[in-house]
Number of protein chains: 2
Amino acid sequence: MQGRSFCSALSGREFARLAVIVTSRSYGARQMIVQEGDQAEFLLNIVSGTVKLYRALPDGRVQIVGFLGEGDFFGVPATRCYAVSAEAVTSAQLCVFPRRSFDRLLNECPTLERRLFELAKTEVAASRDHMLLLGRKTARERVASFLVAMADKTQCARATSPCINLPMARTEIADYLGLTMETVSRTLTSLRNEGVVAVQSPGHVDVLRPDTLRHIANGEE
Amino acid sequence: MQGRSFCSALSGREFARLAVIVTSRSYGARQMIVQEGDQAEFLLNIVSGTVKLYRALPDGRVQIVGFLGEGDFFGVPATRCYAVSAEAVTSAQLCVFPRRSFDRLLNECPTLERRLFELAKTEVAASRDHMLLLGRKTARERVASFLVAMADKTQCARATSPCINLPMARTEIADYLGLTMETVSRTLTSLRNEGVVAVQSPGHVDVLRPDTLRHIANGEE
DNA sequence: CGCATCGTTGAGGTTGGTCAATCCCTGTGG
DNA sequence: CCACAGGGATTGACCAACCTCAACGATGCG
């Protein structure tokens with residue numbers, strides 16, 4: 001999850017200037033947005049919908065490195081090419097900034113650069129969290145961690161029984177958690193049978209025992 | 001691996017100013033440097049030796065998120081606390097910058113901030129690489145990837161038969177690759193038996209067939 | 001209604017983990 | 001010089017978590 005509402009770093013004047021160079025694009029579910037190795041000509045900001053970032057191995061194995069939602073931002077590459085592919089999970093609306101214009105703006109607006117730096121630091125921290133998950137957590141702990149993270153992003157997170165929206169498919173959850181679809185499904189079923197969560201529909205999960213879920217996520221059972 | 005020689009971003013005058021607030025510290029092998037959750041009072045730059053960054057689960061499982069070497073830099077946290085622990089792998093010499101002074105310098109020197117931003121971007125890209133490794137690669141591919149990465153860092157990488165220096169223990173390689181010590185050892189043995197590498201001593205590996213190793217690392221066999 | 005897609009469940013296999021014995025290397029002391 | 005101890009590395013036997021393959025169920029759309 002890269003940072004939300006980066007535009008808040010801009011003054012009204014800067015924002016107006018930026019608006020001139022911006023175009024908007026719509027993507028249907030599963031539509032490819034950028035591909036690993038493409039020239040990084042654009043920076044993108046998500047207006048609505050969910051987008052996945054992923055890396056792939058030649059034989060088709062996929063690792064999703066993050067899901068982006070409303071307000072998230074991507075395409076600030078270390079090199080001239082994108083290092084990851086991006087694909088729409090749901091239908092999505094994106095703001096497109098030509099890279100050159102954006103770079104110019106960056107030079108004129110140190111606040112913006114600082115804000116992007118903050119986002120990058122948050123991203124590094126999140127990546128390390130995810131490395132711990134991928135390298136050392138069990139399937140059960142991974143799924144619980146995922147649900148906790150998704151609950152934290154949802155509006156009703158503060159409620160006694162948070163409800164979680166899962167716009168992505170089981171396969172995509174699996175590719176994010178380094179598991180198979182079947183293992184994700186089985187794990188969710190067992191969490192349901194234990195009364196930790198309730199699965200209303202594939203895309204809608206209620207957390208019945210948030211503390212238990214959190215404990216499982218942290219490997220504290 | 002966070003960025004090398006960040007000091008190159010500094011002008012002579014800025015460097016001189018920085019030098020005033022810098023102190024140097026020595027650490028013995030396995031000595032703790034900072035601990036996850038500690039107040040982030042210092043930024044550190046490695047002068048010599050190897051340092052590991054890691055996150056741990058309450059039951060002792062460890063995921064090493066990176067090894068740092070000469071010139072690498074760490075301690076730019078997104079929050080007030082360190083999100084990872086750091087420990088000396090070999091005996092090491094570090095430069096210590098008090099955070100407040102460093103922040104002040106940062107405000108005065110946009111070049112430095114830009115440089116740190118670049119480092120953070122590189123770090124994000126490296127993290128994503130490692131997520132692919134942890135989430136989707138086999139033990140064999142992980143070990144091969146690790147050897148390739150270590151070879152790329154070594155001086156004699158350009159030689160026809162690159163030699164690799166491994167200052168860290170097998171356990172540490174395992175904690176970096178999301179495996180066990182035993183699996184790392186077995187995998188190295190099988191690569192040796194196939195004539196891909198030669199293991200001179202635990203800390204010294206020669207790559208006999210670099211292309212093969214690279215293919216294995218990328219899952220292209 | 002029929003089809004397609006996604007999700008769930010089951011049976012069995014494989015990779016990598018666990019536990020334990022042995023090896024190797026280094027350092028120490030007799 | 002050798003014996004010994006100790007830590008890391010290697011190897012082996014066994015096991016379990018997760019994957020694979022396959023069947024079945026649910027949901028949504030034309």
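Letters A, B, ... are given to chains in the order of the sequence lines, protein chains preceding strands, and every chain is numbered from 1.
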Separation of B:L134 atom CG from C:dG16 atom C1', in whole Å? 15 Å

Working to the nearest 0.5 angstrom, can you tell me the gap between A:S26 OG and A:Q93 CD? 3.5 Å

Is the shortest side-chain N to carboxylate O distance from B:E194 to B:R140 below 4.0 Å? yes

Just checking, is any N or O donor in the side chain of A:D206 or A:Q200 under 3.5 Å from an acceptor N or O on the other one? yes

Measure across A:G28 and A:A88 and return the closest heavy-atom pair with its distance rounded to 0.1 Å. O-CB, 3.4 Å

Parallel under 30°, tilted from 30 to 60°, perpendicular over 60°: which one fits the rings of B:F97 and B:F73? perpendicular

Do the side chains of B:L94 and B:N45 get nearer than 4.5 Å, heavy atoms only? no

Taken to the nearest whole Å, CD/B:Q200 to C1'/C:dC25 is 16 Å

Hey, is B:E172 close enough to B:K52 for a salt bridge, meaning N to O under 4.0 Å? yes

For each nucleotide in nucleotides 5-24 of chain D, reading 5' to 3', give B when a protein heavy atom comes within less than 4.0 Å of its base, S when such contact involves only the sugar-phosphate, and - otherwise. ---SSBBBB----SSBBB--

Let me test you: for the helix from C:dC1-D:dG30 to C:dG30-D:dC1, what is the angle between the axes at its two ends (five pairs each), rounded to 10 degrees? 20°

Do NZ/NE/NH1/NH2 and the carboxylate oxygens of B:R99 and B:E41 come within less than 4.0 Å? no

